[in-house]
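A short write-up of the structure that comes next.
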Amino acid sequence: MKVDGKPYRTIWLSQDGTTVQVIDQTLLPHDFVVRDLKNVVNATNAISNMVVRGAPLIGAAAAYGMALAMAEDPSDAMLARAYTLLLESRPTAVNLRWALDDLRTLLAPLPPAKRRDAAYKRAAEICDEDVEICRRIGANGLELIRKLKPRGDRINALTHCNAGWLATVDWGTALSPIYQAHNAGIPIHVWVDETRPRNQGASLTAWELGKHGVPHTVIADNAGGHLMQHGRVDFCVVGSDRTTRRGDVCNKIGTYLKALAAHDNGVPFYVGLPYPTIDWTIEDGHRDIPIEERSARELSHLTGRTESGELATVAVLPEGSPAANPAFDVTPARLVSGLITERGVCAASEAGLLALYPEQSRAA
Ligand code: MRU
């Protein structure tokens, strides 16, 4: 995607061939800053502090984190240490484990002298593959959008959190069909949930849609149900951090409430996801997905630009009030109208997923 006319991915290798560069997402939409990741600790901190975030980008950053570790020290001990360090950086998005397993399986049998180059090559492949996967998710989602019968003169989508190009290497998952519809000349407008407490919708989704010229309106998280009751949402589309074998979808906190409202109002509720987001080892998302608990400070404080132009952080809770911050929730498969993957659209069920990924059948 382009930022002010210049094409960007969210992660890339710098000219020196070792340093990894990323867009610092904690500063958007106020400042566009590129950060250098020079070692595995930098990569781990970038993931845990959400300088990079979004399940596919977390996976890509973890792959480059392993490469940085191998550039520092290609020993077996470092391989094991880097794997553990990165795995513990965030618990919910399964793309992290997927990327780390992929890199470890590749690197462990190699002699240490060959590990650095192999790791960088594989990390670059994971990034390129993510771009192509997300492009295909968009193409498959576009076919769904073409079939919608909008109630007004434009299609109104609703999305939660940020599952756009900032959450992936490029294109996005949930937003890829929207970009492709917009590029195809289909009049589409997006209701963007602000997505408290970290405001990924208001800060990131609104920013990237705006940069691409996609009409959008930011709404309070609580407004979606009301808009659906009044026929002002034609479909919902969100991303996923982990989707189980039977199609339960874990995504940013508040997704479940949107799915309930969509179900109650007969609004289709789609989820866009790439194959590394599917956790074939579990079925029951409610029981088996670890839900990240983040700092209460993300709820108690807000950062923004003051009218005089500086960035400022303010407290919004009464001093002493405790706050809780579960970062994800699970939407049961029964509330999901369809899963949009790189291989096509399927029902949110084991049979639906296996029809697209037959190699994951237990008999295979
Ligand atoms: O906490 P975040 O910002 O990493 O959460 C991101 C989401 O919940 C996204 O919807 C999900 O990772 C899918 S991204 C294509």
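All ligand and atom numbering here is 1-based and tracks the order in the structure. If you read the sequence from its start, that first residue is 1, and numbering goes on from there.
Under the salt bridge (charged side-chain N to carboxylate O under 4.0 Å, His left out) criterion, Glu88 pairs with no residue, sequence neighbours left out.
Remark: Lys2 fails to qualify as a cation-pi partner of Tyr8 under the 6.0 Å distance and 45° angle criteria applied to the six-membered ring.
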Pair Glu125, Arg122 - check salt bridge (Lys or Arg N to Asp or Glu O under 4.0 Å), show working.
CA-CA 5 Å; Glu125 283 167 6; Arg122 183 62 191 135; 3.1 Å; yes
As a quick check of understanding, evaluate side-chain hydrogen bond (donor to acceptor under 3.5 Å, both in side chains) for Ser240 and Asn251, giving each step before the final call.
CA-CA 5 Å; Ser240 173; Asn251 192 49; 5.7 Å; no
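Taking a heavy-atom cut-off of under 4.0 Å, ligand 1 is surrounded by Met50, Arg53, Gly54, Ala55, Pro56, Arg90, Cys161, Asn162, Ala163, Ala167, Thr168, Thr173, Gln200, Gly239, Ser240, Asp241, Asn251, Lys252, Phe328.
Checked by atom type, the side-chain pair Glu208/Asn162 shows a donor-acceptor distance below 3.5 Å. Residues Thr281 and Asp279 have side chains that bring a donor and an acceptor to within less than 3.5 angstrom of each other.
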